[in-house]
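All remarks here apply to the structure that follows.
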Amino acid sequence: MSFSTPSAADPVHDATRAALPQLMEFYRDFHANPELSLHEVKTAAKLAEEARKAGFKVTEKVGGTGVVAVLENGPGPVVLIRADMDGLPVTEATGLPFASTVRATNDEGVETGVMHACGHDTHMASWIGTLRNLAAMKAKWHGTVVMIAQPAEERGMGARAMIEDGLFTRFPKPQVALAFHDSASQPAGQIGVTPGYALANVDSVDVLVKGVGGHGAYPQTTRDPIVLAARIVTSLQTLVSREVDPQEAAVVTVGMIKGGSTHNIIGSDVTMLLTVRSFKPEVRKLLLDGIARIAKGEAIAAGVPEDRMPEVKVRDNFTPATFNTQPLSDQMKALWTARFGKDRVVETKAVMGGEDFSRYWLADQSIQSLIFWVGGVPADKWAASDNGRKPLPSLHSPYWAPDAEAVIGTATEAMTAAALDVLKK
């Protein structure tokens, strides 16, 4: 069975299939013209225009460049549907005829290529398809649909910015929040649902390791920060292997280590950048507290003076773990299984990636919340990978090129059907 063709034909399916050619035009335009986080000005304007054309009341510049589009259709539940807008500082290497050639200067002043390497272009095209479907099918539902186009997901900042700008006070507050993400580890058109924790807490930690510099020929006169940093890296591994319960998930990765200037000089400091992943709050606290403890403990053991203890900074762009609630997760899995067939709807494992969609539920845990996956690996590449057992381009790869038609068609139909189910008369 083709993963791009649903097994059940009905008005939602028919409307989605009829709209796909134009939705693919939107996708190609978004793909060729990506914008970095917090700079999604032209992208946001395009989405706002399409929402207005469909009859939604649109507010722009919410939380920066965010868009909120509201369609009221009598009394009933409020459903929030999110798409994210930002591209990544990645130079595209897919070879697609509409590949991005955009270059931009990021907020750190570095010029870079820009690419939708995480599939947000498919998310936005599906967002347009979903809002059009719901606007055309008002006779089938009652309540309120709040469609949001969110900035800066890649930097873990956009959801918080929209909430702080009054998303739940200036606009109808949802009882249900929905989003999807394309998947680089599932065949095109397959839906994945993960009940409970679905994506991880993501912390970025900076460690400045201080030493006492000097001549490389006379190490006894120094306190070498490079050796100290190496000891810290080694000891950090015991946080996961010896302090976290083996049945819990945790990651501590040192992504960058930089120090020294030349062959014969022992420098004064080393910079380390870490990514720290977890699901549960207590595991997160254990890891962050442990990093600070190990850095200081190793410095003491190395004889570093008290005034040269390491500085550990947890950056404030923390992304909290994403939790899919019940009964919504099971409800949607059953709905989509009935629509698409059991081969196209599977239960997926939690992953250690991050997603700031989590913040909408955390802002009010009375909300039922679900983010689901839609597979994007083209059929030929899936087969060549031995059904995912051999390496495939990942999200954020310059080579990631999903089967966009399968993703957009499946996601639009699934999201429309989900909203109609929650809002059904």
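Within a 6.0 Å radius of NZ in Lys258, no more than 12 heavy atoms belonging to other residues, nucleotides or ligands are found. Residue Phe98 qualifies as enclosed at atom CZ: its count of foreign heavy atoms under 6.0 Å is above 12. For Arg170, the CZ atom sits in a packed shell: over 12 heavy atoms of surrounding residues, nucleotides or ligands are nearer than 6.0 Å.
The minimum heavy-atom distance between His142 and Pro77, with the atom names listed, is O-CD, 3.9 Å. Among all heavy-atom pairs drawn from Val78 and Lys173, the shortest one is CB-O, 3.4 Å. For the pair Leu392 and Ala184, the tightest heavy-atom approach, listed with the atom from each and the gap, is CD1-O, 4.1 Å. Nearest heavy-atom pair across Ala401 and Leu96 is CB-CD1, 4.1 Å. Shown here for Ser37 and Asp86, the closest heavy-atom pair between the two residues is OG-OD2, 2.7 Å. Between Ala321 and Phe279, the shortest heavy-atom distance links the atoms CB-O, 3.5 Å.
Panel note: side chain Glu35, backbone Gly87; no donor-acceptor pair is recorded below 3.5 Å. A donor-acceptor contact shorter than 3.5 Å is absent between the side chain of Glu154 and the backbone of Ala152. Not a single donor-acceptor pair under 3.5 Å links the side chain of Glu60 to the backbone N or O of Thr65. At distances below 3.5 Å, not a single donor-acceptor pair connects side-chain atoms of Arg132 with backbone N or O atoms of Ala54. Here the side chain of Ser385 pairs a donor or acceptor atom with the backbone of Trp382 at under 3.5 angstrom. Checking side-chain atoms of Asn317 against main-chain N and O of Ser204 turns up no donor-acceptor pair under 3.5 Å. Put simply, the side chain of Trp361 never gets that close to the backbone of Gln368: no donor and acceptor are under 3.5 Å apart. At distances below 3.5 Å, at least one donor-acceptor pair connects side-chain atoms of Asn324 with backbone N or O atoms of Ile371.
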Practice problem: With salt bridge (Lys or Arg N to Asp or Glu O under 4.0 Å) as the test, would you mind laying out the steps for Arg315 and Asp203 before giving the verdict? | Solution: CA-CA 7 Å; Arg315 295 197 182 188; Asp203 282 286; over 6 Å; no
Exercise. Begin with the C-alpha distance, continue with both residues' side-chain angles, and end with the deciding distance and a verdict on salt bridge (Lys or Arg N to Asp or Glu O under 4.0 Å) for Glu405 and Arg17.
Key: CA-CA 10 Å; Glu405 184 170 326; Arg17 297 303 297 180; 3.8 Å; yes
Practice problem: Determine, step by step, whether Thr91 and Met115 satisfy the side chain to side chain contact (heavy atoms under 4.5 Å, CB included) criterion, reporting the C-alpha distance in whole Å, the side-chain angles of both residues, the deciding distance to 0.1 Å, and the verdict. | Solution: CA-CA 6 Å; Thr91 300; Met115 177 190 174; over 6 Å; no
Exercise. Give the intermediate values and the outcome of side chain to side chain contact (heavy atoms under 4.5 Å, CB included) for residues Ile191 and Val346.
Key: CA-CA 6 Å; Ile191 293 173; Val346 299; over 6 Å; no
Quiz item: Do Leu236 and Ile291 pass the side chain to side chain contact (heavy atoms under 4.5 Å, CB included) test, and can you show the C-alpha distance, the side-chain angles, and the key distance before you say yes or no?
Solution: CA-CA 7 Å; Leu236 287 176; Ile291 290 167; 3.9 Å; yes
Exercise. Apply salt bridge (Lys or Arg N to Asp or Glu O under 4.0 Å) to Arg339 and Glu413, showing your working.
Key: CA-CA 10 Å; Arg339 169 172 290 275; Glu413 183 173 348; 2.7 Å; yes
Quiz item: Could you go step by step and tell me if Lys424 and Asp421 meet the salt bridge (Lys or Arg N to Asp or Glu O under 4.0 Å) rule?
Solution: CA-CA 5 Å; Lys424 61 190 173 188; Asp421 190 60; 3.4 Å; yes
Exercise. Kindly determine whether Lys333 and Thr337 satisfy side chain to side chain contact (heavy atoms under 4.5 Å, CB included), including the steps that lead there.
Key: CA-CA 6 Å; Lys333 184 182 176 185; Thr337 300; 4.2 Å; yes
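Below 30°, between 30° and 60°, or above 60°: for His116 and His120 the angle between ring planes is between 30° and 60°, a tilted geometry.
Residues Trp400 and Cys118 form no side-chain contact, since every pair of their non-hydrogen atoms from C-beta on lies 4.5 Å or further apart. With contacts defined as side-chain heavy-atom distances shorter than 4.5 Å, the pair Pro398/Glu92 does not qualify. The side-chain heavy atoms of Met157 and Asp356, taken from C-beta on, include no pair separated by under 4.5 Å. In this structure, Val193 and Met332 have side chains that are not in contact, with every pair of non-hydrogen atoms separated by 4.5 Å or more. The side-chain heavy atoms of Val58 and Val67, taken from C-beta on, include a pair separated by under 4.5 Å. Side-chain contact check for Pro151 versus His39: every heavy-atom pair is 4.5 Å or farther apart. Two residues are said to be in side-chain contact when any heavy atoms from C-beta on lie closer than 4.5 Å; Thr122 and Ser126 fail this criterion. For the pair His123 and Asp182, the minimum side-chain heavy-atom distance is below 4.5 Å.
Side-chain contact of Asp121 with His31: a donor-acceptor pair under 3.5 Å is present, judged by distance alone. When only modelled atom types and interatomic distance are considered, Thr322 and Glu355 share no side-chain donor-acceptor pair under 3.5 Å. Side chains of Asn133 and Thr16: a donor-acceptor N/O pair is present below 3.5 angstrom, by distance only.
Trp127 contributes atom CH2, which lies 12.5 Å from atom CG of Leu23 (distance to the nearest 0.5 angstrom). The distance from the CD1 atom of Ile232 to the NZ atom of Lys296 is 13.0 Å, given to the nearest 0.5 Å. Note that OG1 of Thr194 and CH2 of Trp373 are 7.5 Å apart. Values are rounded to the nearest 0.5 Å. One finds the CE atom of Met309 at 12.5 Å from the CG atom of Leu208 (value rounded to the nearest 0.5 Å). Put simply, CD1 on Ile81 and CG on Leu131 are 8.5 Å apart, with the number rounded to the nearest 0.5 Å. Between the CG atom of Leu134 and the CG atom of Leu423 there is a distance of 7.5 Å, given to the nearest 0.5 Å.
Between Arg293 and Glu243, at least one side-chain N (NZ, or NE/NH1/NH2) sits under 4.0 Å from a carboxylate O, which counts as a salt bridge. Between Lys280 and Glu248 there is a salt bridge, since at least one side-chain N of the basic residue sits less than 4.0 Å from a carboxylate O of the acidic one. Salt-bridge formation is not detected for the pair Asp386/Lys390: no Lys NZ or Arg NE/NH1/NH2 atom is positioned less than 4.0 Å from an Asp or Glu carboxylate oxygen. At a threshold of 4.0 Å, the pair Asp269-Arg308 does not count as salt-bridged, since none of the basic side-chain nitrogens sits closer than that to a carboxylate oxygen. Lys381 and Asp403 are not joined by a salt bridge, as no carboxylate oxygen comes within less than 4.0 angstrom of a charged side-chain nitrogen. Salt bridge Glu49/Lys53: present, at least one basic N to carboxylate O contact under 4.0 Å.
Among pairs with a residue in residues 232-241, those fulfilling side-chain hydrogen bond (donor to acceptor under 3.5 Å, both in side chains) read Ser235-Glu298, at least two apart in sequence or across chains.
Screening Arg160, Arg82, Gln150 against Tyr360 for a side-chain hydrogen bond (donor to acceptor under 3.5 Å, both in side chains) leaves a single residue, Gln150. For the side chain to side chain contact (heavy atoms under 4.5 Å, CB included) with Arg277, the lone residue among Val251, Asn201, Leu199 that qualifies is Val251.
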